[in-house]
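Single-structure report; data block below.
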Amino acid sequence: MKMRGDIIMISQRYKEVFVVEEIILSKKKNGLLVALLTIVLYVGAIILLVFAANRAIIPLIVLCAVWLVLGWIPLCGLKVVGPQEALVLTLFGKYIGTLKESGFYFVNPFSVAVNPAAKTKLNQSGDVDNGKKGLVLTASGVSGSAELVSKKLSLKAMTLNNSRQKINDCLGNPVEIGIAVIWRVTDTAKAVFEVDNYKEYLSLQCDSALRNIVRLYPYDVAPDVDTTGDGIADEGSLRGSSEVVAERIRQEIQEKVRAAGIEVMEARITYLAYAPEIAAVMLQRQQASAIIDARKMIVDGAVGMVEMALERLNENDVVHLDEERKAAMVSNLLVVLCGNHDAQPIVNSGSLY
């Protein structure tokens, strides 16, 4: 019991020390005031510098010169945040807060925006044109383009199109499957500080969750397969239970990425097929199963029609047939009703016997 209590205390201390709580900075929307004040002071410093130079006032000249040289520093603290954007700020390595609401802010000029995943581009929305292009002059005079990476975190709902994967289902058949995951960042502090790169972390967890869930289901309905884990065979399959499979994949991903401050809103299967090496064989199997089912339906219908014909003949006393003639009639009707081609009857104009 003592060891268990020590473990609980250590885990609680670990949470207190290492888990970063999100701090929302919402009372610093005075960026416009600071910008105007800085511009006014610059203009005033220029006027005073000219005045002091004419009057040879050395202290005032030095003061104006120092302001003209260092007066740009407050401008570094101006931050513009658009709708559904966030800036995670640190000051000398310490997390000081997050700007989440849209507006024009003034923060400590020495604070730095942090976003380890700013340069990461996955196959998802928001990463197609995530940066701005600018011209760069090289030593040879040839101009090129460079990407100015934004440190802002997007709080919008984003769609991750996970690449197709080849996974074995519960019967060992290789299938190719792809999913689309709709997600968004809900806790910026966890997304930046709890994981190294939250975009790559999400992508890897999607791959892992997809494999864990797909291996529990067969591609088509198979006998004696338990997909729910309750010990009872069911009719779950990747093709027939796509909604259930997608929801289980979403829950699996959500459990894994909750520590990174990410909410998985939806997961959908975008591609599902047998792997190319067995696709032809499985197609033949499906065709054979369809043919057997169709033949079974045709035979059941033909037997019912023959029974009805014999009953109607006996009820109306149309003709009296012995067992041999009944067997011949049944055989002829089954051949006509179950044949693949239209029947070409032969009319007998002579005696029946």
Side-chain angles (χ1 to χ4, degrees), residues 122-124 157 159-183 202-258 262-308 334-335 337-341:
L122 303 176
N123 186 21
Q124 65 179 11
T159 303
L160 171 63
N161 292 319
N162 207 35
S163 58
R164 298 177 185 176
Q165 297 187 60
K166 185 184 294 185
I167 307 173
N168 291 338
D169 64 2
C170 67
L171 301 179
N173 298 322
V175 298
E176 289 186 348
I177 185 170
I179 60 171
V181 179
I182 302 176
W183 64 281
L202 173 65
S203 179
L204 292 175
Q205 296 302 332
C206 288
D207 296 342
S208 175
L210 184 62
R211 290 185 177 275
N212 291 340
I213 299 301
V214 169
R215 66 181 179 82
L216 301 177
Y217 287 84
Y219 183 86
D220 276 319
V221 177
D224 301 329
V225 174
D226 176 22
T227 61
T228 58
D230 57 359
I232 302 175
D234 52 67
E235 296 184 353
S237 66
L238 295 175
R239 193 176 68 169
S241 308
S242 59
E243 295 291 334
V244 178
V245 175
E247 178 60 22
R248 292 188 66 177
I249 293 174
R250 188 200 68 81
Q251 294 177 359
E252 181 82 6
I253 299 173
Q254 182 62 70
E255 289 296 326
K256 295 178 179 294
V257 302
R258 181 175 286 110
I262 296 175
E263 177 190 1
V264 180
M265 304 168 63
E266 189 178 5
R268 292 294 178 187
I269 297 176
T270 57
Y271 181 84
L272 179 63
Y274 280 113
E277 56 265 26
I278 66 167
V281 177
M282 289 300 177
L283 179 60
Q284 293 178 356
R285 178 182 177 182
Q286 291 177 357
Q287 291 175 345
S289 177
I291 292 173
I292 292 173
D293 292 340
R295 288 294 181 185
K296 181 179 179 180
M297 184 178 298
I298 291 174
V299 170
D300 291 341
V303 171
M305 294 175 67
V306 170
E307 291 177 351
M308 180 182 66
L334 289 177
V335 170
L337 295 174
C338 298
N340 290 329
H341 304 285

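All heavy atoms count here, side chains included; hydrogens, waters and symmetry mates do not.
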Counterpart residues, salt bridge (charged side-chain N to carboxylate O under 4.0 Å, His left out), relative to Arg248 (two or more places apart) =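 With neighbours one apart ignored, the set is empty.
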Looking at residues at least two apart in the chain, or sitting in another chain, which of them share a salt bridge (charged side-chain N to carboxylate O under 4.0 Å, His left out) with Arg268?
->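 If we apply the salt bridge (charged side-chain N to carboxylate O under 4.0 Å, His left out) test to Arg268, skipping adjacent residues, the hits are Glu243, Glu266.
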Intermediate values then yes/no, side chain to side chain contact (heavy atoms under 4.5 Å, CB included), Val181 and Asn162 | CA-CA 8 Å; Val181 179; Asn162 207 35; 5.7 Å; no
Are the side chain of [X] and the backbone N or O of [Y] linked by a donor-acceptor pair below 3.5 Å?
X      : Y      : value
Arg211 : Ile167 : no
Glu235 : Val221 : no
Asn212 : Ser208 : yes
Ser237 : Gly240 : yes

Interatomic spacing from [atom1] in [X] to [atom2] in [Y] - rounded to 0.5 Å:
X      : Y      : atom1 : atom2 : result
Cys170 : Leu238 : SG    : CG    : 8.0 Å
Leu272 : Arg239 : CG    : CZ    : 9.0 Å
Arg250 : Glu247 : CZ    : CD    : 4.5 Å
Gln205 : Gln254 : CD    : CD    : 11.5 Å
Asp224 : Ile232 : CG    : CD1   : 13.0 Å

Of all the heavy-atom pairs spanning [X] and [Y], show the shortest one and how long it is.
X      : Y      : answer
Ala180 : Asn161 : CB-OD1, 3.6 Å
Ser241 : Gly236 : OG-CA, 3.6 Å
Tyr217 : Asp169 : O-CB, 3.0 Å
Ile179 : Thr270 : N-OG1, 3.7 Å
Asn173 : Tyr274 : CB-CE2, 4.2 Å
Leu160 : Cys206 : CD2-SG, 3.9 Å

Would you check if [X] and [Y] make a side-chain contact, meaning some heavy-atom pair closer than 4.5 Å?
X      : Y      : value
Pro218 : Thr227 : yes
Leu210 : Ile253 : no
Pro276 : Glu176 : yes

Taking atom types as modelled, is there a side-chain donor on Gln251 or Glu255 under 3.5 Å from an acceptor on the other?
->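 The answer is no; no qualifying pair exists.
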Does the side chain to side chain contact (heavy atoms under 4.5 Å, CB included) test come out yes or no for Asp234 and Asp226, once each step is laid out?
-> CA-CA 6 Å; Asp234 52 67; Asp226 176 22; 3.5 Å; yes
